[in-house]
Amino acid sequence: MRAMVYRGPYRVRVEEKDIPPIEHPNDAIIRVQMGAICGSDLHLYHGLVPDTRVGTTFGHEFIGVVHEVGSSVQNLKVGDRVMVPFNIFCGSCWFCARGLYGNCHNTNPNATAVGAIYGYSHTTGGYDGGQAAFVRVPVADVGPTLIPEWMSDEDAVMLTDALPTGYFGAQLGDIVQGDVVVVFGAGPVGLYAAKSAWLMGAGRVIVVDHIEDRLEKARTFAHAETLNFTTVKDIAVEMKKTTDFLGADVCIDAVGAEADGGFMQHVTTKLKLQGGSPIALNWAIDSVRKGGTISVVGVYGPVFSAVKFGDAMQKGLTLRMNQTPVKRQWPRLFEHVKSGVLKPSEIITHRIPLEHIAEGYHLFSSKLDGCIKPVVIPSAS
Amino acid sequence: MTYTAAKPPLPETPEQLRARIPGWGVDLDPADRPSSPKLDFRDDLTGAHWEFPDRQPEKYPRERSMEHKFLTPVFGTASPPRGVSGALRTLSYRKFSEADVAHWLILMAADRVDSMGSSFTSVLRGKPDNPITETGILGEFKARPIRDRFGRGRADTKHQWMDPLIVTTPWVLRAGVVYLVAKGLRARRD
């Protein structure tokens, strides 16, 4: 089969690989119909996630058709059209039994601090991902779900990570009616978080970024006010001014480890002197009001980052964060997509054949050609 | 205003927001959101029909965090450890916990050794790395590289060109230092 493989920082190619075999009785093999490149895949692509091995296939956002099932699989059959959450989870450990599917204890031997994720280095379990013609889906009775007939492929693939993560990010903000919500980052997750904040009754939603194409999308797709941070001298002062010097009620960090806006933070992150550039998180701490809430759904690396923790303490902030338990969000999100309240595929900008995935990574990484969300189509190769 | 008890007024009323934004307020009740409460015991186990999953056969000594009691019943089998990078990874998992920064730094070093070694062996295997196609740089011709990067207030264009160098150069230098030290020790021994 054809599959994307990692070759080293900033280098990927498409190679011939064996179709993955059944390794566990509850495995399924899925023929991928559509995948996507996630902003967090860029951390892998940039060589910033420890234990990212040459030859690994990335991709934790994908949908497809069941090609083969293991001997203990009861809930899927060959030919089913399924969507697969980015979390690989057992459904039965202490964490899964309490709904924390992103923190499963039975599927990632490499680390206890992070759950298992498809195609996201050995730090998250050493599984190949879905930027390929076929992919192994472990614990197939628990993760995958049949795609409703009324749902399009593009909406379904956005529901495997980006939309649930944005929606979950808004939930972590504990938004109440009339809250002023600031979202740092106008990538896919930030756009969905901004849109979701309105569903939870926000009174104002402000999206901060530096890419004009994305800010335009924040205005049209997410109905948000926008701020290009390169046009102001000091984000914190700007946020205080726009909230009559109270500060935002809720700030959402939808950027994570590779935030721009500070040269030294950026360079020290690239040199792996810290786990991630916490610029967006520090701006959130600066911009939120005392007693406010910060939600973090941007991904950071496993070692320490230079976060303004003292300010967070002094301001009495609540910091909430986690990897999204995707499947827990699906019933409600299915309702919102079916009713037309959410139209997830509207943020897709690029549809890339698998054979051209290296160019797709480059465009997405360099933020060229208005690239906000690229999807990958194996069969188009 | 902020210096009194009243909250600063909002520019739009709930009615105006509901009229302007599709779905405004449909998830208004914080207690009626999918991830509330945070810990929500699930009787159905989301389709799991086991108390503990069957154990996946271990076909090679599978590295694991020492913070786990045992090898998890389900695990990935992509890219098993190999060569020098594999020895570094095995060392990292055997000697250091996730709490120790050495664990992560050794794994990062292994990643760079793996990348450099794979570039070398790819030539021997007849599938040499091609920096032109693998970096996707040809995608520039499908975009508007100048217009998209400059004059648009982007913050990342100041460092974008140097990022691949920042990521890779220190590791190449460290590998060079290790080589020179090893060479020196060997000469001394001889």
Side-chain angles (χ1 to χ4, degrees), chain A residues 7-11 13 23-25 47 50-56 75 90-92 97-99 106-107 109-113 125-128 138 141-142 171 198-201 203 210 212 223 228 230 244-246 260-261 266 270 272 302-303 328-329 332 341 358-359 361-363 368-369, chain B residues 1-2 8 10 21-28 30 33-35 39-42 45-48 50 53-54 56 64-65 67-68 71-79 98 101 104 107-108 111 114-115 118 129 133-136 138-139 143 148 152-156 159 163-164 166-168:
Chain A
R7 295 297 302 167
Y10 295 86
R11 290 186 294 117
R13 71 184 184 193
E23 303 262 11
H24 180 282
D51 213 355
T52 302
R53 302 179 188 179
V54 170
T56 301
N75 300 336
C90 73
S92 58
R98 287 158 181 81
N106 274 332
T107 50
N110 296 74
T112 57
Y127 298 90
D128 269 335
D141 278 333
V142 176
Q171 285 177 79
W198 292 122
L199 308 188
M200 296 169 201
H210 64 112
E212 276 303 329
H223 315 284
N228 184 331
T230 64
D244 198 15
F245 291 87
L246 180 65
D260 281 302
H266 175 82
K270 291 285 182 189
K272 214 57 199 166
V303 295
R328 197 165 159 179
Q329 318 304 316
R332 184 69 56 88
V341 164
E359 293 176 15
Y361 267 94
H362 180 74
L363 288 180
L368 298 176
D369 199 31
Chain B
M1 67 171 237
T2 302
L10 293 165
I21 296 160
W24 184 88
V26 294
D27 291 319
L28 206 53
R33 293 173 188 162
S35 279
L39 299 179
D40 185 20
F41 194 83
R42 313 244 138 180
L45 297 178
T46 319
W50 48 76
D54 290 336
Q56 181 178 329
R64 67 173 173 87
S65 167
E67 294 182 42
H68 264 305
L71 180 64
T72 56
V74 182
F75 52 87
T77 55
S79 309
E98 296 162 57
V101 73
W104 302 108
L107 288 174
M108 292 293 291
D111 291 347
D114 192 12
S115 172
S118 296
D129 280 310
T133 55
E134 289 177 7
T135 56
L138 296 174
D148 286 353
R152 297 169 67 88
R154 288 181 55 165
D156 56 338
H159 59 72
D163 287 347
I166 296 172
V167 169
T168 52

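Just so it is clear, the structure is predicted and the values come from calculations on it, not from any experiment. Residue numbers begin at 1 in each chain, while the letters A, B, ... track the order of the sequences.
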Check the pair A:His362 / B:Thr135 against side chain to side chain contact (heavy atoms under 4.5 Å, CB included), numbers first and verdict last. CA-CA 7 Å; A:His362 180 74; B:Thr135 56; 5.6 Å; no

Are B:Arg154 and A:Asp260 close enough for a salt bridge, meaning some N to O gap below 4.0 Å?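 A:Asp260 and B:Arg154: not salt-bridged.
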
Give the minimum heavy-atom separation between [X] and [Y], together with the two atoms involved.
X: B:Phe75; Y: A:Tyr127; value: CA-OH, 3.1 Å
X: A:Leu246; Y: B:Thr2; value: N-OG1, 3.3 Å
X: A:Pro109; Y: B:His68; value: O-CD2, 3.4 Å
X: A:Trp198; Y: B:Trp24; value: O-CD1, 3.3 Å
X: A:Asn106; Y: B:Thr72; value: O-CB, 3.4 Å
X: A:Gly55; Y: B:Ser79; value: C-OG, 3.7 Å

Residue selection (most heavy-atom pairs with chain B, distance under 4.5 Å) from [options]:
options: A:Thr107, A:Asn110, A:Thr52, A:Asp128; value: A:Asn110
options: A:Glu359, A:His223, A:Glu212; value: A:Glu359
options: A:Gly125, A:Ala111, A:Gly8, A:Pro25; value: A:Ala111
options: A:Asp141, A:Val341, A:Leu363; value: A:Asp141
options: A:Arg13, A:Arg53, A:Met200, A:Gln329; value: A:Arg53

Looking at chain A, which one of [options] has the largest number of heavy-atom pairs inside 4.5 Å, strictly under?
options: B:Pro53, B:Ala78, B:Pro22; value: B:Ala78
options: B:Asp156, B:Leu71, B:Leu10, B:Leu138; value: B:Asp156
options: B:Asp111, B:Asp114, B:Val26; value: B:Asp111

Which distance, rounded to the nearest 0.5 Å, do you find between the [atom1] of [X] and the [atom2] of [Y]?
X: A:Thr112; Y: B:Arg64; atom1: OG1; atom2: CZ; result: 11.5 Å
X: A:His24; Y: B:Asp54; atom1: NE2; atom2: CG; result: 5.0 Å
X: A:Leu199; Y: B:Ile21; atom1: CG; atom2: CD1; result: 9.5 Å
X: A:Gln171; Y: B:Asp27; atom1: CD; atom2: CG; result: 7.5 Å
X: B:Ser35; Y: A:Arg332; atom1: OG; atom2: CZ; result: 10.5 Å

Taking the side chain as C-beta and beyond, is there a heavy-atom pair between B:Gln56 and A:Pro138 under 4.5 Å?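 In short, these two side chains do not touch, never coming nearer than 4.5 Å.
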
Is there side-chain contact between A:Val54 and B:Ser115, with at least one heavy-atom pair below 4.5 Å?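 Result yes, sub-4.5 Å side-chain heavy-atom pair found.
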
Side chain, backbone, both or neither: which part of [X] has a non-hydrogen atom closer than 4.5 Å to chain A?
X: B:Thr133; result: backbone
X: B:Pro30; result: side chain
X: B:Leu39; result: both
X: B:Glu67; result: both

Within the distance-only criterion (no hydrogens, no angle test), does the side chain of B:Glu134 pair as donor or acceptor with the backbone N or O of A:Arg7 below 3.5 angstrom?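 No: the side chain of B:Glu134 does not pair with the backbone of A:Arg7.
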
Please check: side-chain N/O of A:Thr230 versus main-chain N/O of B:Ala155, any donor-acceptor pairing under 3.5 Å?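 Side chain of A:Thr230 to backbone of B:Ala155, a donor-acceptor pair under 3.5 Å: no, none is there.
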
Measure [X] against the heavy atoms of chain B and call it side chain, backbone, both or neither at under 4.5 Å.
X: A:Leu368; value: both
X: A:Asp244; value: both
X: A:Tyr361; value: neither
X: A:Asn75; value: side chain

I'd like to know whether B:Asp148 forms a side chain to side chain contact (heavy atoms under 4.5 Å, CB included) with A:Asp369, so could you lay out the CA-CA distance, the side-chain angles of the two residues, the decisive distance to 0.1 Å, and finally the verdict. CA-CA 7 Å; B:Asp148 286 353; A:Asp369 199 31; 4.2 Å; yes

